[in-house]
Amino acid sequence: MKIDLTNTTSSKINAALMEARRGSGATAAGMVLTLVIVTDEGSAYDALKAANDASREHPMRTLAVIKRAGRSPRARAETRLDAEILVGSDAGSGETVVLRMHGELAAHAQSVVLPLLLPDAPVVVWWPDNAPLHPAQDPLGSLAQRRITDAVTAESPVGQLAQRAQSYTPGDTDLAWTRITGWRSMLAAALDQRPSTIVSAAVEGESYNPSVELLGLWLTNRLHVPVERVVTGGPGITAVHLRTKDGDITLDRPDGLMGTLSMPGSPDRQVALKRRETAELIAEELRRLDPDDIYSTAVRTPVDRLREPANAETAAAERVAQAVARAADVAAGDGVANPDRVTSETSEKKPVKKAVGKRAGKEGA
């Protein structure tokens with residue numbers, strides 16, 4: 001069932017929802033949460049489709065907030081709320097309300113959304129793209145127990161991780177973190193099967209995929225060993241190597257479908273590690289509504305803790321740069337070179353800030 005309301009109010013939308021529920025024979029709402037999607041017309045279809053698919057596991061009321069402030073003064077002066085209500089098979093296992101806010105009303109979306117929230121039920125806000133710098137301080141984000149962003153849709157995905165670390169508030173999460181759940185589970189299971197002392201690790205994947213950085217930061221925090229970041233052509237994360245004295249524990253997935261787990265002294269085995277759709281990622285995030293402490297630790301670890309693998313050309317260039325710097329310091333009368341610039345040729349390579357590539361797709365890591 002689909003109901004269109006033009007130039008309406010929140011109270012009329014609530015009345016229409018109750019009437020539609022009665023018409024379908026449902027006497028109670030039977031929904032477990034409210035999902036607020038803040039998006040635009042270009043991303044609304046994909047976001048609503050993912051939410052409808054996730055609602056089969058989590059029956060919920062979905063409120064899609066589409067702000068249409070208008071470009072001209074005349075358009076901005078026309079304050080209007082249009083709503084599209086979907087119930088039954090058109091809305092998965094819940095109710096969907098698409099709210100199009102025109103004019104100045106777009107700046108006060110929380111006043112429209114608040115009366116439509118399910119009473120005594122958790123609220124989750126999801127920004128498929130264009131997330132605010134501080135989700136918890138956003139007027140809509142402040143209504144929610146959980147706030148979901150997606151760094152992979154930003155122009156600078158790795159830079160977006162730094163912003164998420166700076167603005168982190170308990171309840172925040174990012175789909176870039178959700179995409180690596182399978183990798184974290186497989187690696188933890190491998191170490192449970194074969195306890196070993198890890199001396200170093202390496203994570204391989206696309207340059208613009210923030211999930212690769214988060215996986216490397218998670219390994220850095222949990223294993224307390226140096227972790228290298230290796231750039232490959234993808235898709236997504238392609239391999240993780242845990243180096244031990246007995247050999248490498250390797251989880252390799254070159255095609256984005258099946259992974260191969262290799263451990264010293266054991267035959268290789270195939271593992272399911274398919275890149276997941278957005279609906280599966282949202283469904284996973286809705287299973288837990290408490291703060292994710294492991295994510296908070298990983299995202300707040302500086303990305304430059306990850307190392308780039310050294311090569312001969314890079315090492316030679318660094319040696320030349322260090323020699324020039326020492327000569328300049330001595331010529332300036334320092335007497336000795338700046339100790340911050342002096343490193344032995346065998347010392348560890350300083351982290352290099354990685355260039356961030358193009359905007360990535362929304363498919364899982």
State, to 0.1 Å, how close [X] and [Y] come at their nearest heavy-atom pair, and which atoms those are.
| X | Y | answer |
| --- | --- | --- |
| Ser167 | His134 | CB-ND1, 3.1 Å |
| Pro264 | Asp246 | CB-O, 3.7 Å |
| Ala47 | Trp126 | O-CZ3, 3.7 Å |
| Arg61 | Met31 | N-SD, 3.6 Å |
| Ala151 | Leu161 | CB-CD2, 4.2 Å |
| Val158 | Ser207 | CG2-O, 4.4 Å |

Euclidean distance, [Y] [atom2] relative to [X] [atom1], rounded to 0.5 Å:
| X | Y | atom1 | atom2 | value |
| --- | --- | --- | --- | --- |
| Asp4 | Thr6 | CG | OG1 | 6.5 Å |
| Leu191 | Leu242 | CG | CG | 5.5 Å |
| Leu214 | Ile294 | CG | CD1 | 13.0 Å |
| Arg194 | Leu261 | CZ | CG | 11.5 Å |
| Arg269 | Leu251 | CZ | CG | 11.0 Å |
| Leu81 | Asn7 | CG | CG | 8.0 Å |

From CA spacing to verdict: side chain to side chain contact (heavy atoms under 4.5 Å, CB included), Ile198, His224: CA-CA 9 Å; Ile198 309 298; His224 304 289; over 6 Å; no

Is there a donor-acceptor pair closer than 3.5 Å between any side-chain N or O of [X] and the backbone N or O of [Y]?
| X | Y | result |
| --- | --- | --- |
| Asn14 | Pro115 | yes |
| Ser211 | Ile180 | no |
| Thr220 | Gly216 | yes |
| Arg300 | Ser296 | yes |
| Gln193 | Ala190 | no |
| Arg146 | Arg288 | yes |
| Thr8 | Leu5 | no |

message: Val212 vs Arg229, test: side chain to side chain contact (heavy atoms under 4.5 Å, CB included). Steps then yes/no.
response: CA-CA 8 Å; Val212 185; Arg229 167 64 161 95; 3.3 Å; yes

[X] vs [Y] side-chain heavy atoms within contact, under 4.5 Å:
| X | Y | value |
| --- | --- | --- |
| Leu63 | Leu117 | yes |
| Val240 | Met186 | no |
| Leu48 | Thr39 | no |
| Ser200 | Glu228 | no |
| Thr34 | Val124 | no |
| Met101 | Arg68 | no |
| Ile66 | Val98 | yes |
| Val199 | Thr244 | no |

Same cluster or not: are [X] and [Y] linked, directly or through other Ile, Leu, Val, Met, Phe, Trp or Tyr residues, by side-chain heavy atoms under 4.5 angstrom apart?
| X | Y | result |
| --- | --- | --- |
| Leu133 | Leu140 | no |
| Leu215 | Val225 | yes |
| Met1 | Leu17 | yes |
| Val65 | Tyr45 | no |
| Leu114 | Val97 | yes |

message: Set out, in order, the CA-CA distance, both residues' side-chain angles and the distance that settles side chain to side chain contact (heavy atoms under 4.5 Å, CB included) for Leu86 and Glu95, then state yes or no.
response: CA-CA 6 Å; Leu86 303 173; Glu95 301 170 342; over 6 Å; no

Restricting to salt bridge (charged side-chain N to carboxylate O under 4.0 Å, His left out), what partner residues turn up for [X], sequence neighbours left out?
| X | answer |
| --- | --- |
| Asp172 | Arg147 |
| Glu204 | none |
| Arg100 | Glu41, Glu84 |

For residues [X] and [Y], is any side-chain donor paired with an opposing acceptor at under 3.5 Å?
| X | Y | answer |
| --- | --- | --- |
| Asp174 | Thr149 | yes |
| Glu104 | Thr79 | no |
| Asp292 | Thr173 | no |
| Ser43 | Asp129 | yes |
| Thr232 | Glu206 | no |
| Thr181 | Glu284 | yes |

query: Quick one: do Arg80 and Asp82 make a salt bridge, cutoff under 4.0 Å?
result: yes

field: Presence of salt bridge, Arg179 and Asp150, under 4.0 angstrom
entry: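 A salt bridge links Asp150 with Arg179.
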
message: For His241, run the side chain to side chain contact (heavy atoms under 4.5 Å, CB included) check against Val203, Val227, Thr250 and tell me which one passes.
response: Thr250

field: Arg184 atom CZ, over 12 foreign heavy atoms within 6.0 Å
entry: yes

task: Determine, stepwise, if the pair Ser262 / Asp268 fulfils side-chain hydrogen bond (donor to acceptor under 3.5 Å, both in side chains).
output: CA-CA 5 Å; Ser262 305; Asp268 294 351; 3.0 Å; yes

From CA spacing to verdict: side chain to side chain contact (heavy atoms under 4.5 Å, CB included), Met60, Leu286: CA-CA 10 Å; Met60 58 189 171; Leu286 297 181; 3.8 Å; yes

